[in-house]
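Heads up: the structure comes next, in structure tokens.
Numbers for residues simply follow the sequence, beginning at 1.
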Amino acid sequence: MTQNVLVFAGTTEGGEIVDLLARSGVKVHACVATEYGRTSVKEHANVEVSSRPLSPEEMRALMKEYPVVVDATHPYATSISGHVKEACADTGAEYIRLVRPASECYEGMKVVDTVDEAVEYLKGTEGNILATTGSKELAKYTAIPGYRERVFARVLSLAKVVEACAELGFEGRNLFAMQGPFCEEVDYGMLVQTGARYLVTKDSGVPGGFDEKVRAARRAGAEIVLVGRPAEQPGTDFDGTVEILSDRLGIGLERRKRTLSIVGTGVGPGTGLTSAGAAAVRASDLVVGAERMLQVPEAEGKASLCEYVPDKIFDYLAHHPEYRRVSLLVSGDVGFYSATRSVLAKTDPSEYDVELHCGISSVQYLCARAGIPWQDVKLVSAHGKMANIVGEARRNGAVFALLNGRTGVTEMCQQLIDYNMDVTVAVGCDLGYPEEKYFYGTPAEVMGSDLGNLCAALVFNPRPDARCPISIPDSEFLRGDTPMTKSEIRALSVAKMKLSEDSIVYDVGAGTGSVTVEMALVAVEGTVYAVEKEEAAADLIDRNRRKFGTPNVEIIRGKAPDALADLPAPTNVFIGGSSGNLREIVDAVLAKNPRCRIVVNSVTLETISEVLALPSSCKVEQEEIVCINAANSRRLGRYNLMTAQNPVYIAVFRGTGE
């Protein structure tokens with residue numbers, strides 16, 4: 001069987017067919033109409049390229065050596081397709097037409113057969129026009145009255161094309177020299193920028209970005225003038241063409257996995273790419289990222305997708321299989337609060353080989369700016385999420401925080417002031433950009449500075465308290481007349497809770513907040529909801545949370561179980577006071593989390609009876625019940641006398657999950 005194939009390319013699908021054949025050991029001659037079209041064909045030892053229009057005689061001569069012919073030309077290149085098919089008929093070469101599927105619905109569009117008809121229609125309209133039908137027929141738009149002001153042309157970024165457009169009067173703000181296809185956001189932005197009321201386009205199919213144009217035009221309120229496809233030669237789609245070639249050549253043609261390179265662009269306007277990251281971008285067929293990420297020099301001239309939501313990115317890639325090497329640009333470093341984690345979670349390893357290229361993160365940059373090593377810095381993100389910066393600053397000598405711009409800096413500094421934190425703050429704004437700013441001082445001094453837009457901060461505590469927070473002496477709490485769980489009972493109760501750093505905790509009947517505070521100091525990345533019905537006690541909780549630096553305490557003024565209704569599902573619950581509603585409280589907790597861990601303290605016989613009845617009345621399993629009899633020494637002259645506390649029962653339950 002023959003191993004030589006002639007491919008008329010110039011489209012993304014054509015370039016992919018050439019690459020697929022060449023990697024399978026097939027000798028390929030690729031025909032493209034221009035030097036620009038050559039960019040769609042990857043270099044390979046098995047590939048020869050003609051980069052100019054061929055005469056029918058030249059086609060026939062090539063077909064004697066390459067008897068299998070793939071016509072992968074553009075859907076609108078009917079003249080070329082006709083010549084190719086005719087030459088195949090003359091020489092006996094096998095003709096295989098690769099058809100790019102048309103879009104399914106033209107509803108609401110003005111459909112015409114030619115650019116001439118589109119121009120005739122637009123002569124009778126008012127308003128600006130964005131023409132995306134290419135440079136070859138651009139001269140026809142000059143027949144539109146006032147075309148120099150009304151018509152904006154988008155053409156390929158070639159010097160000869162730009163010169164020809166300028167000769168027709170399309171230049172300056174009315175000419176966009178760019179390589180497509182484009183994402184919806186770029187199309188939408190151009191329509192808005194030009195104030196276009198009409199978008200003239202061809203049905204270039206999914207690979208040509210037609211669907212994106214349609215969505216963008218409808219968002220911008222622009223009417224679509226569609227130059228419909230000419231009558232198409234019968235053929236097959238990409239996968240069908242691959243199947244035919246596999247059969248004719250007697251080899252298995254398998255598309256290799258696509259490459260997804262996630263590239264950290266560093267801080268600033270994407271000037272911090274490593275050499276490996278820059279090489280990955282340059283080798284890509286498609287570059288994806290937020291708008292400011294796509295401004296990196298390495299992405300210039302590349303097909304791009306302005307997007308950062310993983311589901312939308314992979315949906316786009318699923319509809320554009322022609323892009324085999326994709327680079328996703330993320331700010332800073334791929335391993336530091338970037339989109340990398342969420343993208344990796346949605347990446348199909350059978351479809352993509354993934355490469356990660358690190359960049360300079362904001363924490364590295366700001367620590368270098370402050371002149372400190374960053375290996376011992378606690379890393380926190382308060383960008384678009386809650387973070388206990390005060391709690392982390394209390395127990396760490398240095399904390400780095402990503403913040404929500406200048407508002408985030410102001411809120412952080414105000415909280416540090418409210419919680420009487422004796423710290424200094426370094427704030428970097430717009431790091432890596434020409435407008436970069438750096439401030440250092442007390443929270444009050446920094447809060448009054450002329451802050452920038454993108455902000456990160458370092459908080460320095462010269463006296464961090466990294467001690468175990470359990471069993472704080474009773475004398476350190478503000479008490480008033482409110483009963484308080486004693487230190488020994490509190491220590492064991494909190495230990496029985498088995499909290500994690502990110503636990504979501506209820507403290508029901510919180511009293512002075514002594515248990516609340518210790519749990520909040522343990523669950524420093526979580527939240528403790530202190531539920532208290534007495535106003536005086538709730539005020540004490542507020543004073544104690546400020547004294548001990550626990551802003552992750554939320555005070556809920558009210559009586560359980562009603563006060564629990566709007567709270568998030570807890571992981572752990574401590575019940576120090578139930579006001580006779582123990583079973584109802586436990587039921588309310590289990591409705592939110594059927595596997596919740598619950599610790600109940602009781603000192604009265606009546607409450608103990610309620611506790612013992614829980615497994616038969618609620619969906620919980622009893623893990624253990626511990627009775628604590630504690631006594632504290634007190635000095636009487638030269639003697640130490642022991643003063644007994646009331647015995648306390650600590651009961652531990654776990655929801656059955658039913």
Side-chain angles (χ1 to χ4, degrees), residues 10-12 15 32-41 51-53 74 76-77 115 118-119 122 128-142 144 146-196 198-202 204 207-210 212-213 216-217 220 222 225 227 269-270 281-282 284-289 291-306 320 322-323 327 329:
T11 60
T12 51
V32 296
T34 64
E35 283 294 330
Y36 187 81
R38 184 187 284 266
T39 62
S40 68
V41 179
S51 55
R52 60 179 177 79
H74 196 276
Y76 288 79
V115 171
V119 169
L122 292 168
N128 290 348
I129 302 161
L130 178 59
T132 64
T133 50
S135 60
K136 290 184 178 179
E137 297 182 279
L138 190 59
K140 296 176 180 179
Y141 290 88
T142 61
I144 298 174
Y147 80 92
R148 291 177 182 268
E149 291 74 35
R150 288 187 63 193
V151 181
F152 295 79
R154 188 166 76 187
V155 298
L156 291 175
S157 54
L158 295 173
K160 291 182 179 179
V161 171
V162 172
E163 291 173 5
C165 292
E167 291 177 1
L168 293 172
F170 296 96
E171 56 187 347
R173 62 185 292 271
N174 287 73
L175 183 65
F176 298 94
M178 309 167 69
Q179 178 185 351
F182 305 98
C183 64
E184 179 183 337
E185 294 302 321
V186 170
D187 287 328
Y188 174 73
M190 294 185 70
L191 288 165
V192 172
Q193 180 179 338
T194 59
Y198 301 91
L199 170 66
V200 189
T201 184
K202 295 179 179 179
S204 54
F210 179 70
E212 286 77 9
K213 288 181 187 177
V225 180
V227 180
V281 176
R282 286 193 295 267
S284 297
D285 306 318
L286 176 72
V287 182
V288 182
E291 184 175 359
R292 67 186 181 93
M293 297 294 100
L294 296 177
Q295 305 307 311
V296 300
E298 290 80 2
E300 185 176 353
K302 295 283 185 183
S304 64
L305 171 64
C306 185
H320 291 268
E322 69 275 12
Y323 295 126
S327 283
L329 304 182

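When the side-chain contact (heavy atoms from CB on, under 4.5 Å) test is applied to E291, the partners found at least two apart in sequence or on another chain are Q295, C306. Checked against salt bridge (charged side-chain N to carboxylate O under 4.0 Å, His left out), R52 has the following partners two or more places apart in sequence or in another chain: E58. Not a single ring pair (Phe, Tyr, Trp, His ring centres under 6.0 Å) links Y198 to another residue, sequence neighbours left out. Legend: residues meeting side-chain contact (heavy atoms from CB on, under 4.5 Å) with A177, ordered by chain and number and at least two apart, are S157, V162. Looking at residues two or more places apart in sequence or on another chain, you find no side chain to side chain donor-acceptor pair (under 3.5 Å) involving T142. Applying the side chain to side chain donor-acceptor pair (under 3.5 Å) rule to T133 yields the partners Y141; only residues at least two apart in sequence or on another chain are considered. For the ring pair (Phe, Tyr, Trp, His ring centres under 6.0 Å) test, residues two or more places apart in sequence or in another chain that qualify with Y76 are H74. For A217, the side-chain contact (heavy atoms from CB on, under 4.5 Å) partners two or more places apart in sequence, or in a different chain, are L191, L199, A222, I224. Applying the salt bridge (charged side-chain N to carboxylate O under 4.0 Å, His left out) test to K202 and every residue at least two apart in sequence or in another chain returns E137.
Under the ring-ring contact (aromatic ring centres under 6.0 Å, His included) criterion, the residue pairs touching residues 147-174 are Y147-F170, with sequence neighbours excluded. Applying the salt bridge (Lys or Arg N to Asp or Glu O under 4.0 Å) definition to pairs two or more places apart or across chains, none involves residues 156-172. For the side chain to side chain donor-acceptor pair (under 3.5 Å) condition, the pairs that include at least one residue of residues 180-191, sequence neighbours left out, are R154-D187, E184-R215, E184-R219, E185-R219.
Between the OG atom in S327 and the CG atom in L305 there is a gap of 12.5 Å [rounded to 0.5 Å]. Separation of atoms OG1 (T194) and CG (L130) is listed at 5.0 Å; rounding is to 0.5 Å. Taking CZ of R148 as the start and CG of L168 as the end, the distance is 9.0 Å to the nearest 0.5 Å. For the atom pair CZ (R150) and CG (L122), the distance works out to 6.5 Å, reported to the nearest 0.5 Å. Note that CG of L156 is 9.5 Å distant from NZ of K136, once rounded to the nearest 0.5 Å.
Using modelled atom types, no side-chain atom of S304 and backbone atom of L286 make a donor-acceptor pair closer than 3.5 Å. Side-chain atoms of D285 never come within 3.5 Å of backbone atoms of A303 as a donor-acceptor pair (strictly under, hydrogens ignored). Distance alone, capped at 3.5 Å, is enough to place a donor-acceptor pair between the K302 side chain and the S284 backbone.
Looking only at side-chain heavy atoms (C-beta outward), M178 and V186 come within less than 4.5 Å of each other. In this structure the side chain of N174 never reaches within 4.5 angstrom of the side chain of V151, judged on heavy atoms. Between L138 and C165, some side-chain heavy-atom pair lies under the 4.5 Å cut-off.
Closest of all the heavy-atom pairs between T132 and K213 is OG1-NZ, 3.4 Å. Shortest non-hydrogen contact noted between A299 and V281 is N-CG1, 4.0 Å. V115 and K140 get closest at one heavy-atom pair: CG1-CD, 4.1 Å.
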